[in-house]
Amino acid sequence: MTANKHDDSFFSKVYEVTQLIPFGRVTSYGAIAAYLGTRGSARMVGWALNASHFNSGAIPAHRVVNRNGVLTGKHHFGGQKVMQQLLESEGIKVENDQIIDFEKVFWDPMKELL
DNA sequence: TTGCTGACCGACG
DNA sequence: CCGTCGGCCAGCA
């Protein structure tokens with residue numbers, strides 16, 4: 001394989017950032033995309049997280065929500081209530097598929113990893 | 001190869 | 001306020 005892994009793929013980057021999300025914190029697709037330098041590719045972040053299930057399974061994708069703090073991708077976790085329970089398990093309050101005090105638990109890789 | 005879709009975001013009317 | 005459109009990149013038929 002020419003000894004060249006080159007994990008610079010968009011997917012790999014998303015995985016790393018997602019795994020860096022601390023306990024009890026959440027982030028948004030756009031935040032990750034912006035951190036990667038591709039704000040417009042926010043959709044790809046979700047796509048990458050979708051593939052994260054096949055990748056290792058240790059990716060806390062449940063800590064990633066949309067800009068409104070809404071659990072848009074809850075369906076892809078294999079359960080609609082799974083994501084909410086996981087978040088509540090970390091001390092994050094979720095109601096009506098929306099995170100309470102979203103800005104308080106919001107974790108921005110751009111600022112935290114800066 | 002082309003075209004469509006997708007866990008988004010922001011702008012426009 | 002709500003609906004619609006464009007942009008971005010990767011995977012699949």
Side-chain angles (χ1 to χ4, degrees):
Chain A
M1 44 157 62
T2 52
N4 239 331
K5 204 81 180 293
H6 270 190
D7 285 20
D8 293 350
S9 299
F10 202 91
F11 282 51
S12 299
K13 291 182 180 177
V14 174
Y15 301 149
E16 290 192 55
V17 176
T18 306
Q19 291 176 40
L20 290 174
I21 301 175
F23 185 89
R25 298 281 194 209
V26 293
T27 189
S28 61
Y29 306 96
I32 297 174
Y35 174 71
L36 298 178
T38 51
R39 181 188 71 85
S41 317
R43 300 198 295 184
M44 297 310 337
V45 178
W47 194 263
L49 288 174
N50 181 22
S52 71
H53 290 281
F54 299 89
N55 216 284
S56 77
I59 302 186
H62 62 272
R63 294 181 185 152
V64 186
V65 294
N66 67 349
R67 198 58 174 172
N68 299 315
V70 181
L71 286 57
T72 48
K74 62 186 180 186
H75 299 283
H76 295 268
F77 275 74
Q80 292 149 357
K81 294 188 176 181
V82 176
M83 188 173 185
Q84 179 172 341
Q85 290 181 354
L86 285 169
L87 291 170
E88 290 183 334
S89 222
E90 300 190 358
I92 300 174
K93 298 174 183 175
V94 181
E95 187 172 300
N96 193 17
D97 297 339
Q98 182 170 338
I99 296 179
I100 308 301
D101 298 327
F102 174 59
E103 46 185 294
K104 293 183 180 178
V105 295
F106 181 68
W107 180 80
D108 191 343
M110 288 270 263
K111 297 178 180 178
E112 301 296 330
L113 299 181
L114 181 63

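We name chains A, B, ... by the order of the sequence lines, and we start the count at 1 in each one. Quick caveat, the model's predicted, so the values are computed rather than measured.
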Q: Starting at atom OH of A/Tyr15, determine the distance to atom P of C/dA10, rounded to an integer number of angstrom.
A: 12 Å
Q: A/Met44 has a side chain; which of B/dA7, B/dC9, C/dA10 sits nearest to it?
A: C/dA10
Q: Measuring only the P atom in each nucleotide, how far is C/dC8 from B/dC12? A whole number of Å is fine.
A: 16 Å
Q: How long is the gap from CG on A/Leu49 to CZ on A/Arg63, to the nearest 0.5 Å?
A: 12.5 Å
Q: As a test of reading the structure: which of B/dG6, B/dC9, B/dA7 is closest to the side chain of A/Arg43, going by heavy atoms?
A: B/dG6
Q: Given atom CZ of A/Arg67 and atom C1' of B/dC8, what is their separation to the nearest angstrom?
A: 11 Å
Q: Using the side-chain heavy atoms of A/Trp47, tell me which of these nucleotides is nearest: B/dA7, C/dG11, B/dC9.
A: C/dG11
Q: CD1/A/Ile92 to CD1/A/Ile99 distance, rounded to the nearest 0.5 angstrom?
A: 5.5 Å
Q: Say you pick atom P in B/dG3 and the same atom in C/dG6; how far apart are they, in whole Å?
A: 16 Å
Q: According to a strict under-4.0 Å criterion, is A/Thr72 in side-chain N/O contact with OP1 or OP2 of B/dC8?
A: yes
Q: From the options C/dA10, B/dA7, B/dC9, select the nucleotide whose nearest atom is closest to the side chain of A/Asn66.
A: B/dC9
Q: Separation of A/Arg39 atom CZ from C/dG6 atom C1', in whole Å?
A: 12 Å
Q: What side chain to side chain donor-acceptor pair (under 3.5 Å) pairs are there with at least one residue in residues 102-114 of chain A, not counting sequence neighbours?
A: none
Q: Starting at atom CG of A/Asn50, determine the distance to atom C1' of C/dA10, rounded to an integer number of angstrom.
A: 12 Å
Q: Return the OG1 to NE2 distance between A/Thr72 and A/His75, rounded to the nearest 0.5 Å.
A: 8.5 Å
Q: Can you tell me the distance, in whole Å, between the CG atom of A/Leu49 and the C1' atom of C/dG11?
A: 16 Å
Q: Rounded to whole Å, how long is the line connecting atom CG of A/Asp97 with atom C1' of B/dA7?
A: 13 Å
Q: Could you tell me how far B/dC4 sits from C/dC5 if I compare only their P atoms? Round to whole Å.
A: 14 Å
Q: Calculate the interatomic distance between A/Phe11 atom CZ and B/dG6 atom C1'; express it in whole Å.
A: 11 Å
Q: Main chain of A/Gly30, side chain of A/Arg67: is a donor-acceptor contact present, judged purely on distance under 3.5 Å?
A: no
Q: Would you kindly give the CG-to-P distance between A/Leu71 and B/dA7, to the nearest whole Å?
A: 14 Å
